[in-house]
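What you see is a predicted model; the values in this text were computed from it and never measured. Throughout, residue positions are numbered sequentially from 1 according to the sequence presented.
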Amino acid sequence: MSSFMHADQIRAPLLLIHGEADNNSGTFPMQSERLYNALKGHGATTRLVLLPQESHGYRARESVMHVLWEMTAWLDRYVKHDQKK
């Protein structure tokens, strides 16, 4: 919960990707949802992607491809864009 407690200090754009069925006791999907809502409440740039039927590790080909697409789009928008300045 430490990142949730410091959501007001997070300034960089943050992409959150989480398996919707994650049963790892330290990383329940609710934690990502709470962090996302806290960040949005503070006006931060963030995106939450929940992968259906995926646990802590992503196994389905569709999920892996979706993660790669999300990461590429995010990096193109927020990292590549900043380097052009």
Partners passing salt bridge (charged side-chain N to carboxylate O under 4.0 Å, His left out) against Glu33 (at least two apart in sequence or in another chain): none
Rounded distance (nearest 0.5 Å) linking atom NE2 of His56 with atom OG1 of Thr27: 4.5 Å
Least distance between heavy atoms, Leu35 atom then Ala7 atom: CD1-CB, 4.2 Å
Within residues 6-21 or reaching into it, pairs that qualify as salt bridge (charged side-chain N to carboxylate O under 4.0 Å, His left out) - sequence neighbours excluded: none
Parallel, tilted or perpendicular, as decided by the 30° and 60° cut-offs, for the rings of Tyr78 and Trp74: tilted
Linked, directly or transitively: Phe28 and Ile17 (ILVMFWY side chains, under 4.5 Å): no
Show me the donor-acceptor pairs, under 3.5 Å and distance only, between side chains in residues 42-55 and residues at least two apart or in other chains.
from  : atom 1 : to    : atom 2 : distance (Å)
Thr46 : OG1    : Leu14 : O      : 2.9
Arg47 : NE     : Glu70 : OE1    : 2.8
Arg47 : NH2    : Glu70 : OE2    : 2.9
Glu54 : OE1    : Arg59 : N      : 3.0
Glu54 : OE2    : Ala60 : N      : 3.0
Glu54 : OE2    : Ser63 : OG     : 2.8
Ser55 : OG     : Asn23 : OD1    : 3.2

Polar side-chain atom of His18 near backbone of Gln31 as donor-acceptor pair, under 3.5 Å: no
